[in-house]
Colleague: 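Quick one: the structure is below, and I'll ask about it shortly.
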Amino acid sequence: MTRYITTTLPYVNADPHIGFAVEILQADALARGWRLRGEEVFFSTGTDEHGQKILQAAEKAGKGVQEYVDHYAGEVQKLKDALALSPDAFIRTTDPKHIAAAQELWRRGEAAGDIYKKSYTGLYCVGCEAYKTEKELVDGKCTVHPALVLEEITEENYFFKFSKYQQQLLAYLAREESVVPEWRRAEARAFVEAGLEDFSISREQARLSWGVPVPGDDTQVMYVWFDALTNYISTLGWPDDTQGNFKKFWEEGKTLQVAGKDQVRFQSLMWQAMLASVGIKMTDQIFYHGFINSGGQKMSKSVGNVINPYDLVEKYGTDATRYMLLRHVHPTEDTDITWERLDDWYTANLVNGLGNLVARVMKLAETHLPEPVAIPEAGAFPEEYWRTIDAFEFHHAMDLVWARIQKLDERITNEEPFKVIKEDAPRGRTIIAEMAVELYWIARMLNPFMPHVNEVIKTAVKENKKPENLFPRLTPIA
RNA sequence: GCCGGGGUAGCUCAGUUGGUUAGAGCACAUCACUCAUAAAGAUGAGGUCGGCAGUUCGAUCCUGCCCCCCGGCACCA
């Protein structure tokens, strides 16, 4: 089976957020896990670069908008090395091919009779040069420009016939697999059952200049997310599909989107309706992760509790960061992360746990085994291991690994090979060899989660050589 | 108000699609110190699984009611 995995695209008006790091790591772990099982995977991610907010942020930073988005797109792309990601494609919504795809999707939606013009009335802030929703206002004023009076403006926009797809969406959501976790599917259903209103998908060019032009109407620009959602198929080469990736991975493969819990409406409803409109298969499965908080609050600059992915990598290293964000962040619930907890996990599970185990086993092996042990055949992972990965239970998959780590530690304590070797050398060597093989197994199971550590341990066992410390101890601050 | 999530060891959190001893890390106590990252290991103690009632041979897990915390209730993505 071929598989397609994609994340949502981060909006490039800030540095990469830890929440996105979690999302892309989950996607990466799945991609690596499924490849390990022998499946063909296409893993895509990228950046969302249009919209008035980005234009304003660029102006505020005193940069040209293209220069600005190039910079942040670069920051996101740096995550690939920092987090050891394995994407097959990186799509930017400013790519000409993507823009052409978004316009083609529009034309086909229009041809299907699902796009029409209607007047839209909203509260417009001249200072922000943007419409404001009631929720964004405090005392009826724009929070950024409280001195200005909001203008009620009416303009003609294009709308998408969302309401037409109520029944199709309900049928889609009836499939158990369509939304994970289960209760989010119920949420989505309740929303659809309550009735759907058509939504606007364009703005006047005069008010939203940084976006994809509406085909055949120079005065209008696509509203950001109509353009952004198209990325999931434009990255595969739709509509031309000269390389056949769209056919292979979207039409014939199993498609999976990974997104944050606030995305249900956009990904499972609006985007699916858009696909239905143009006659493209709906996404097979969408997995929604929870959010990361710190110290009981949302991370924010003003609170000063922001922990960003690059901080983690700098302090703990790439694989340790992957470990912590995949094992200790609950896949679907919100998780609270503090530096104290991170240090705790790092020391307990990696320094004292995995790292120390590798050191003690490989020291014994290197000292007492005349030659490397025979490496076990590939394949034959425990059933439970695949079950947890397929169910997006990354923390449980790793619990299985750590249970084996503890068992091996226990065995060393109980069987005392370092003592046995002195009294009965052949038996001592047998015990140590078995332990080296078990260590190799542990490494193999770490492949989707800690790709570098996976390699280092396997190499150590194959060469019968104790490696450098995998996880240096944190130096306590006096 | 409606919908949803959470309330599990001193702390931070997993888990249980009802079934003999509910798990991890930290902290604490004990053992060991010969293999291992000047520090790793093992063992143990510690929980009326938010409260009350019900269903059941049996409920932390199901049902009802109640209390506390958090999130959502459409064009910010």
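In what follows, chains carry the letters A, B, and so on, assigned in the order in which the sequence lines appear, proteins first and then strands, with residues in each chain numbered from 1. All values derive from a computational prediction rather than experimental measurement.
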Colleague: How are the rings of A:H328 and A:W345 set relative to one another: parallel (under 30°), tilted (30 to 60°) or perpendicular (over 60°)?
Modeller: parallel

Colleague: According to the interplanar angle, ranging from 0 to 90°, do the rings of A:F287 and A:F392 count as parallel (below 30°), tilted (30 to 60°) or perpendicular (above 60°)?
Modeller: parallel

Colleague: Between B:A39, B:G71, B:A42, which nucleotide gets closest to the side-chain atoms of A:K261?
Modeller: B:G71

Colleague: Which word best sums up how the rings of A:F160 and A:F162 line up, parallel for under 30°, tilted for 30 to 60°, or perpendicular for over 60°?
Modeller: tilted

Colleague: Which nucleotide sits closest to the side chain of A:D262: B:A77, B:A36, B:U12?
Modeller: B:A77

Colleague: With the six-membered base ring of B:C75 as reference, does the ring of A:F199 sit under 5.5 Å away with planes under 30° apart?
Modeller: no

Colleague: In whole Å, what separates the C1' atom of B:U55 from that of B:C61?
Modeller: 14 Å

Colleague: Between C1' on B:C35 and NE2 on A:H368, what's the gap in Å once rounded to a whole number?
Modeller: 7 Å

Colleague: With rounding to the closest Å, how many angstrom separate the P atoms on B:G4 and B:U48?
Modeller: 30 Å

Colleague: Give one of base, sugar-phosphate or nothing for A:T413, where a contact means two heavy atoms less than 4.0 Å apart.
Modeller: sugar-phosphate

Colleague: Does any nucleotide pair with B:C49 by Watson-Crick or G-U wobble geometry, both distances under 3.5 Å, and what is it?
Modeller: none

Colleague: Tell me whether the NZ or CZ atom of A:R207 lies within the 45° cone about the ring axis of A:Y124 and under 6.0 Å from its centre.
Modeller: yes

Colleague: Within the supplied structure, the quantity of interest is the number of heavy atoms (other residues, nucleotides, ligands) at a distance under 6.0 Å from A:H452 NE2; does it exceed 12?
Modeller: no

Colleague: In residues 47-55 of chain A, which ones come under 4.0 Å of RNA chain B, going by heavy atoms?
Modeller: A:D48, A:K53

Colleague: Would you mind reading off the distance between A:W402 atom CH2 and B:A14 atom C1', rounded to a whole angstrom?
Modeller: 15 Å

Colleague: For A:R341, is there an ion pair with A:D336 - N to carboxylate O distance below 4.0 angstrom?
Modeller: no

Colleague: Nearest to the side chain of A:W183, which nucleotide is it out of B:G4, B:C75, B:C26?
Modeller: B:G4

Colleague: In whole angstrom, give the distance that lies between atom CG of A:D334 and atom P of B:G4.
Modeller: 18 Å

